[in-house]
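Only one structure is covered here, and it is reproduced in the block below.
Order of the sequence lines fixes the chain letters, A, B, ..., with proteins taken first and strands second; residue numbering starts at 1 for each chain.
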There are 2 protein chains.
Amino acid sequence: MKLDGTILFATDTEHFTNSTLRPRQTSPADATVSASVSSAPQADEGGTQCFICADRATGKHYGASSCDGCKGFFRRSIRNNHTYNCRFNRQCVVDKDKRNQCRYCRLRKCFKAGMRKEAVQNERDCIITPRAKGQTVRTLSISVLLQAEVSVQQFPVLPSPQSRDISSKKTACVGDVFESMKQQLLLLVEWAKHIPEFCSLQIDDRVTLLRTHSAEHLILGAARRSLPYNNVILLGNDFVIPLRGAELEVTRVALRIQEELVKPLRELDITDKEFACLRAIVFFAPADCPGLESPQVIQHLRLQAHIQLEESTCEQRGRFGELLLILPPLQSVAWQMVETLHLAQLLGEARMDSLLQEMLLGEGTNSKPCANDDLTQDNESKQRASSANFTSVVSNISASLPSDHPAAHTDWH
Amino acid sequence: MKLDGTILFATDTEHFTNSTLRPRQTSPADATVSASVSSAPQADEGGTQCFICADRATGKHYGASSCDGCKGFFRRSIRNNHTYNCRFNRQCVVDKDKRNQCRYCRLRKCFKAGMRKEAVQNERDCIITPRAKGQTVRTLSISVLLQAEVSVQQFPVLPSPQSRDISSKKTACVGDVFESMKQQLLLLVEWAKHIPEFCSLQIDDRVTLLRTHSAEHLILGAARRSLPYNNVILLGNDFVIPLRGAELEVTRVALRIQEELVKPLRELDITDKEFACLRAIVFFAPADCPGLESPQVIQHLRLQAHIQLEESTCEQRGRFGELLLILPPLQSVAWQMVETLHLAQLLGEARMDSLLQEMLLGEGTNSKPCANDDLTQDNESKQRASSANFTSVVSNISASLPSDHPAAHTDWH
DNA sequence: AAACGCTGGTCAAAGGTCCA
DNA sequence: CTGGACCTTTGACCAGCGTT
């Protein structure tokens, strides 16, 4: 009898044949549609897929391509100001079958897919969708960042084959430190050249970004190289700065690098992806660069970079925040280094290369681009007019790329 | 066996055909039949009757018009994959009164009435908020932060009833600025006192945290107050600093506040919750405080604060990151303000209150707590021994709370 | 002018809740 | 633990409305 029942139930599902889609409709028309669709073997046709649950999308809703279910769910959640809780680890799978199993994760995925709660609410007059067109402006992809990162790491000026042995490394003298800095700054330019979005910025903005963030770049690089070590800072040219025993001023910065950057980065066990994103976030910071010509563009690049970082952290709770909170001390240490250099320069304790002076100390040009700059002057003549060797280094970037690079046409908004 | 079931089912189905409309759809033929049948005048209440037990139907469920009882019974049976046995001849009567007497026959009749097990869905998320189920030990809750925030805002030193009119406000002179700063710093202490986790820190750490982040607190508060205004910074005592026309050094800081903090905060339209979290994140930053006794505890508090922030942003794409990226410029501006104050102090341009000197400029005590401090000395005697007025202000906190405050027992991990 | 894209809204039929 | 009266959520479908 038990078998009876089971089989009875099984046979009841005679319409398995055409029930690949939901057998909801009673109307003949729909039945035929359903039949024809089911005859097509391909379930997902790619283009019209819900970003949230991979069900069939019915269009873009609230900023993301989605199905009616996710659309309604999002609207209700926002309207009623719902707060959900995940019963598990906030890592629930959200697909067509399981989308109703965790509302917290579903809503979160709605946001991640790009739904904006401002798009809900009743707005009679639709003042154009702000960024309807290039919704998926996938500029600044993680792969580009990783590639840029690799290209920088691929320039080991010394062929040291990962000789991890600290004792074999020499303590850097002032000249060694400066030499390393110079190399690293040139590598920063190299790094930037790998990012098309950077290359399509105006020359002044390129220079400003590079100059403003050169110190942070140096410190961040030093911190990363020094991750395996406890009592030295490893330079790019394979010299080391010991944490104890060196000159006081130098040691102070080195100690802060170790304490405030190396330690937390080591605890987090930062990945290559994450580091690549972090470098970009530091670099595309518009706030501390007055006089930028297109701060919004740069701000948008940073936004993309930190969204990439968020994705790279794989939803590990708190990790994204911890990584971003590395940046204040990074900036702070960078400032202190610049101060120290400035002082050393003033006291005549060190002779710095003109490139270093220009990038790190902001000397040799106006640190703030002139506001009443002649805008009719094209980059070419600006480049010719500039006598600064750094600016000319940067200018070469535009020469190395076709001027009509696709990225230049990106639609910002 | 299989045939058995099929035949049994088929015959029963036929038997049912004329008595009712089968909502089986799937084939156009069925649809037309259904239509014609429904148009046929059915005697009794037909449509509102449970096909299984003849109780009042509450609608169609799983393919058959049925009552809530049979609906629930069917769902549970399918979900839990129940198999029942009939103790008699599988011919039990299933009506309103006897429907619970044989579950085998009831389920069978459900199928016969047209219920389909495919219509039963997967289990969903709980509607009711998961009850204090193991409520994770949530120190530093958002409510505590909000309350602390409110308590700070509730001390309007001047009874200005939200006079939003800027023109009615007076431009601050140096003395007004200092006065406002002093008030705000006392409010910072007030704010901290509302956070039990802070109060249970050691006295030295409390002092260090307050001192180290006092400048950022001032700037953050000023930025927030100035959100509605475009060309002034509004102080806590209702004076304003105009962005143009004031003294150069002051204006420089004020301009940065407006550009690097007010603007982005306004664009983000920061909420109260988010702001409350941000303040805590700024405050519980251990990196730039050398010599803390329990940096891990503080780091953990910051982690909690930024997890709260993440939750408060409702997962809106990129929002959490944008908020955290306010912090580097905040720190930077704060430093610049301190530098400016330092200079003014050195040049004798301004007389600062000793509290201001101690908190903002780090004068009057060792900025780094003494490492070989006598640990056997209790707070009381420390307080008595300390001649610094700020330290004594902070020490009072511990006096205002029971020493065995629950928060002191929080389990960090 | 008709098709289209993206809002808002509706309600049958899923779901869950919780005491007897 | 199960039943079932009672309430919430889901999502397919439809209607505006502005754009193409």
Side-chain angles (χ1 to χ4, degrees), chain A residues 21-27 29-30 33-34 48 50 52-53 55-80 82 84 87 96-103 106-107 110 114-133 135, chain B residues 23 47-48 50 52-53 55-80 82 84 94 96-103 106-107 110 114-131:
Chain A
L21 290 183
R22 309 201 49 189
R24 297 279 316 265
Q25 285 325 101
T26 358
S27 89
D30 268 21
V33 166
S34 152
T48 61
C50 174
I52 293 100
C53 70
D55 195 358
R56 244 182 71 96
T58 62
K60 269 183 197 162
H61 302 294
Y62 311 116
S65 173
S66 67
C67 64
D68 269 339
C70 292
K71 169 199 164 190
F73 171 75
F74 187 76
R75 184 181 55 228
R76 283 190 301 269
S77 300
I78 299 301
R79 283 267 178 75
N80 302 65
H82 275 147
Y84 306 123
R87 288 178 294 170
K96 186 180 188 308
D97 292 329
K98 303 194 214 36
R99 66 187 173 199
N100 279 321
Q101 286 181 9
C102 180
R103 290 178 295 173
R106 188 183 192 181
L107 181 58
C110 284
M115 284 191 173
R116 293 166 300 115
K117 71 173 177 190
E118 299 79 37
V120 179
Q121 281 303 338
N122 35 9
E123 279 282 342
R124 274 286 174 212
D125 91 327
C126 236
I127 302 188
I128 205 66
T129 59
R131 47 169 174 180
K133 262 275 168 68
Q135 164 61 22
Chain B
T48 63
C50 175
I52 292 98
C53 70
D55 195 358
R56 248 182 76 93
T58 61
K60 273 187 196 169
H61 301 295
Y62 310 114
S65 176
S66 65
C67 65
D68 267 338
C70 292
K71 168 196 166 191
F73 171 76
F74 187 76
R75 181 180 57 227
R76 281 190 296 270
S77 300
I78 299 300
R79 283 263 179 82
N80 303 348
H82 277 145
Y84 307 122
V94 181
K96 188 176 187 307
D97 294 327
K98 306 192 205 51
R99 65 188 175 198
N100 281 324
Q101 288 182 4
C102 178
R103 290 187 287 188
R106 188 183 192 182
L107 182 58
C110 283
M115 285 192 173
R116 295 166 299 111
K117 70 174 180 186
E118 297 77 35
V120 176
Q121 302 174 356
N122 285 327
E123 207 169 351
R124 286 190 186 171
D125 200 6
C126 308
I127 292 180
I128 294 297
T129 53
R131 191 151 309 170

Salt-bridge criterion met for Asp55(A) and Arg99(A) (N-O under 4.0 Å): yes
Under the ring pair (Phe, Tyr, Trp, His ring centres under 6.0 Å) test, residues paired with Phe73(B) that sit two or more places apart: Tyr84(B)
Protein-to-nucleotide contact annotation, 5' to 3' order, nucleotides 3-10 of chain D [B base; S sugar-phosphate only; - none; under 4.0 Å, heavy atom]: BBBB-SSB
Intermediate values then yes/no, side chain to side chain contact (heavy atoms under 4.5 Å, CB included), Ile52(B) and Val94(B): CA-CA 7 Å; Ile52(B) 292 98; Val94(B) 181; 3.9 Å; yes
Any Tyr62(A) side-chain N or O less than 4.0 Å from OP1/OP2 of dG5(C): no
Heavy-atom closest pair, residues Cys50(B) and Ala57(B): N-CB, 3.6 Å
Looking at residues at least two apart in the chain, or sitting in another chain, which of them share a side chain to side chain donor-acceptor pair (under 3.5 Å) with [X]?
X: Arg124(B); result: Gln121(B)
X: Asp97(B); result: none
X: Lys98(B); result: Asp95(B)

Whole-Å gap separating [atom2] ([N]) and [atom1] ([X]):
X: Arg79(B); N: dC1(D); atom1: CZ; atom2: P; result: 17 Å
X: Ile78(A); N: dG8(C); atom1: CD1; atom2: P; result: 11 Å
X: Phe74(A); N: dG9(C); atom1: CZ; atom2: P; result: 15 Å
X: Gln121(B); N: dA12(C); atom1: CD; atom2: C1'; result: 13 Å
X: Lys60(A); N: dT20(D); atom1: NZ; atom2: P; result: 14 Å

Stepwise side chain to side chain contact (heavy atoms under 4.5 Å, CB included) test for Cys102(A) and Arg87(A): CA-CA 8 Å; Cys102(A) 180; Arg87(A) 288 178 294 170; over 6 Å; no
Watson-Crick and G-U pairing of DNA chain D, under 3.5 Å, as dot-bracket with | and [ ]: .|||||||||||||||||||
Touch class at under 4.0 angstrom, heavy-atom based, for His61(B) against every strand present: sugar-phosphate
